[in-house]
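Worksheet: one structure, shown below.
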Amino acid sequence: GGVTPAAGTVHRRGGPGATGGAGPRQAPPVRFTLDPGGDVVVPDGVTLDRCRDGLARLAGRPELRDAPLAVAGRVLPPDHVAGAPPWVAGAVLTWAPDDAAASPA
């Protein structure tokens, strides 16, 4: 079996944690695209707030720690969890400066 990433960590596809969970009751990790940044994997159920530092490091964009993040134009609140629509496997998570218009999730 693979190594399950710890809550709040972010990995590029194919990196640590990309091969699945260690237990039968564990949901598979959520693979999505961070634009800009590339394909990433986070644990199912982790909150966006817990992922922010890792996403910022991955993209090399420190402003991602505070910038609005959205899927399909819907801004996600800090407590939104990976695996819950619209932040599901295959989604594209985008960011915009604070002055950009987007509708709340």
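No experiment lies behind these values; they were computed from the predicted model shown.
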Could you tell me which non-hydrogen atom of [X] sits nearest to which non-hydrogen atom of [Y], and how far apart they are?
X	Y	value
R52	L69	NH1-CD1, 3.6 Å
A27	D44	CB-OD2, 3.4 Å
C51	V46	SG-CG1, 3.4 Å
P43	A82	O-CB, 3.8 Å
W95	A67	CE3-CB, 3.9 Å

Worksheet item: Once the angle between the rings of H80 and W87 is folded into 0 to 90°, is it parallel (under 30°), tilted (30 to 60°) or perpendicular (over 60°)?
Response: tilted
Discussion item. Quick one, L93 with V40, criterion side chain to side chain contact (heavy atoms under 4.5 Å, CB included). Give me CA distance, side-chain angles, the key distance, then yes/no.
Written reply: CA-CA 10 Å; L93 186 68; V40 295; over 6 Å; no
Worksheet item: Knowing that exactly one of V42, V92, T94, L64 qualifies, which makes a side chain to side chain contact (heavy atoms under 4.5 Å, CB included) with L34?
Response: L64
Discussion item. Applying side-chain contact (heavy atoms from CB on, under 4.5 Å), can you list everything that pairs with V81, at least two apart in sequence or on another chain?
Written reply: T47, A84
Discussion item. Holding to side-chain contact (heavy atoms from CB on, under 4.5 Å), I want the full list of residues that pass it with P62, two or more places apart in sequence or in another chain.
Written reply: R65
Practice prompt. Kindly indicate whether the side chain of V88, heavy atoms from C-beta on, has any atom under 4.5 Å from the side chain of V71.
Written response: no
